[in-house]
Amino acid sequence: AAGFTAVPHIPARFVRNIDDLKSRIGNLAQEAGVTEMLVLGGGAPQPIGRYDSAIRILETGVFEANGVMRIGIAGHPEGNPDITRIHGQAMLLKAIKEKQAWLSANRIGGFIATQFLFEAAPVAEWARSLRAEGIDLPIHVGIPGPATIKTLVKYAAMCGVGNSARFIRKQALNVTKLLSVNTPDNFMADLANLHVSRPELGIAGPHMYPFGGFDKLFDWLGPKLKR
């Protein structure tokens, strides 16, 4: 009603069974008019039901039966320790290929929403490797909104963010900076440059993480949205 596109996140490992999934997706689609969703594996060590990955709930037929027209999937430019520790890095690529094939077979639009990170170089290399493997989904890069260094360090540790978090950890070593607010202006500028100078990478836009709260995020975004 406010003019936004609602994109609920559906984590497979938090779905109990097929009836639970049908109820959730049915209510979102039929009662709230949702046509776009982000389908994830979910970060729980063990699933609460029978589904342990995003592809398992996609394959149920529930999404297309409810008229969902666009689905986002997860991307990990700096790896996912929960997966790579057990299955190796190749499993992440295999999973994206499987989900892209499912989207294509069901004629559903798709995109990749990535984990958050702090610099553009890992994104460029990762996107290049995806394109070389035939993955052509547009990429929405995870960007941490304005937040204190202390908050960013906490989320980086929780989410297993990799090498690009070195910048934030280095800032955290200076106690006087722990409560200073970091904004991703340089990161955004570098991504914009990739979008323009290397269109073959398919960097389509940002996926904002409001770790510092919505007020800080919208105050920072406001002037940029008006340009």
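In what follows, residues are counted from 1 in the order of the sequence shown. What you see is a predicted model, and the numbers here were worked out from it, not measured in a lab.
- Looking at every heavy atom in both residues, Ile143 comes nearest to Pro206 through CD1-CB, 3.6 Å.
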Let's go through Val34 and Met37 carefully: what are the C-alpha distance in whole Å and the side-chain angles of both, what is the deciding distance for side-chain contact (heavy atoms from CB on, under 4.5 Å) to 0.1 Å, and is it a yes or a no? CA-CA 8 Å; Val34 171; Met37 299 181 186; 3.9 Å; yes
How far apart are the C-alpha atoms of Tyr51 and Thr60, what are their side-chain angles, what is the distance that settles it, and do they pass the side-chain contact (heavy atoms from CB on, under 4.5 Å) test? CA-CA 10 Å; Tyr51 306 112; Thr60 61; 3.9 Å; yes
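- With hydrophobic clusters built from ILVMFWY side chains whose heavy atoms lie under 4.5 angstrom apart, Ile55 does not share a cluster with Phe14.
- The aromatic rings of Phe211 and Tyr155 sit parallel, their planes meeting at an angle under 30°, below the 60° perpendicular limit.
- More than 12 heavy-atom neighbours from other residues, nucleotides or ligands sit within 6.0 angstrom of CZ on Arg131.
- To the nearest 0.5 Å, the span separating CD1 on Ile135 from NZ on Lys99 amounts to 10.0 Å.
- Summarising the geometry of Phe187 relative to Ala120, their closest heavy-atom pair is CE1-N, 3.6 Å, with the distance given to 0.1 Å.
- Both Val15 and Val68 sit in one connected hydrophobic cluster of ILVMFWY residues. Membership requires side-chain heavy atoms under 4.5 Å apart, directly or through other members.
- The shortest heavy-atom contact between Pro11 and Gly42 is CB-CA, 3.9 Å.
- In this structure, the side chains of Phe63 and Leu58 come closer than 4.5 Å at one or more pairs of heavy atoms.
- One distance of note links CG of Asp20 with CD1 of Ile48; it measures 6.5 Å at 0.5 Å rounding.
- Separating the CD atom in Glu133 from the CG atom in Leu93 is a distance of 5.0 Å, to the nearest 0.5 Å.
- A continuous path of Ile, Leu, Val, Met, Phe, Trp and Tyr side chains, each step under 4.5 Å between heavy atoms, connects Ile18 with Ile57, placing both in one hydrophobic cluster.
- At least one side-chain heavy atom of Gln30 sits under 4.5 Å from a side-chain heavy atom of Asn66.
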N/O donor-acceptor pairs under 3.5 Å from side chains in residues 194-204, not counting sequence neighbours:
unit_1 : atom_1 : unit_2 : atom_2 : d
His195 : ND1    : Ile203 : O      : 2.7
Ser197 : OG     : Asn193 : O      : 2.6
Arg198 : NE     : Glu200 : OE2    : 3.4

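- One N or O on the side chain of Asn17 and one on the backbone of Asp19 form a donor-acceptor pair closer than 3.5 Å.
- Using a 4.5 Å heavy-atom cutoff, the side chains of Leu40 and Ile73 are not in contact.
- Taken from OG1 in Thr5 to CZ in Arg70, the straight-line distance is 9.0 Å, to the nearest 0.5 Å.
- Ring geometry for Phe116 versus Phe118: interplanar angle over 60°, hence perpendicular rather than tilted (30 to 60°).
- Note that CD of Glu78 and CG of Leu117 are 5.0 Å apart. Values are rounded to the nearest 0.5 Å.
- Counting heavy atoms from C-beta outward, Leu217 and Pro146 have side chains that approach closer than 4.5 Å.
- In this structure, the side chain of Thr114 engages the main chain of Gly142 through a donor-acceptor pair within 3.5 Å.
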Please determine whether side-chain contact (heavy atoms from CB on, under 4.5 Å) holds for the pair Leu130 and Ile112, giving the CA-CA distance in whole Å, both sets of side-chain angles, and the decisive distance to 0.1 Å. CA-CA 11 Å; Leu130 292 189; Ile112 297 172; 4.0 Å; yes
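- For the residue pair Gly109 and Leu103, the shortest heavy atom distance occurs at O-CD2, 4.0 Å.
- Leu152 and Pro144 get closest at one heavy-atom pair: CD2-CB, 3.8 Å.
- The heavy-atom pair separating Tyr209 from Gln115 by the smallest distance is OH-CA, 3.7 Å.
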Under the criterion side-chain contact (heavy atoms from CB on, under 4.5 Å), I'd like the reasoning laid out for Ile108 against Trp102: C-alpha separation, chi angles, the key distance, then a yes or no. CA-CA 8 Å; Ile108 293 176; Trp102 182 90; 3.6 Å; yes
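- In this structure, OG1 on Thr151 lies 7.5 Å from NZ on Lys216, to the nearest 0.5 angstrom.
- A side-chain donor-acceptor contact under 3.5 Å links Ser129 to the backbone of Trp126.
- Two residues are said to be in side-chain contact when any heavy atoms from C-beta on lie closer than 4.5 Å; Leu28 and Ile10 meet this criterion.
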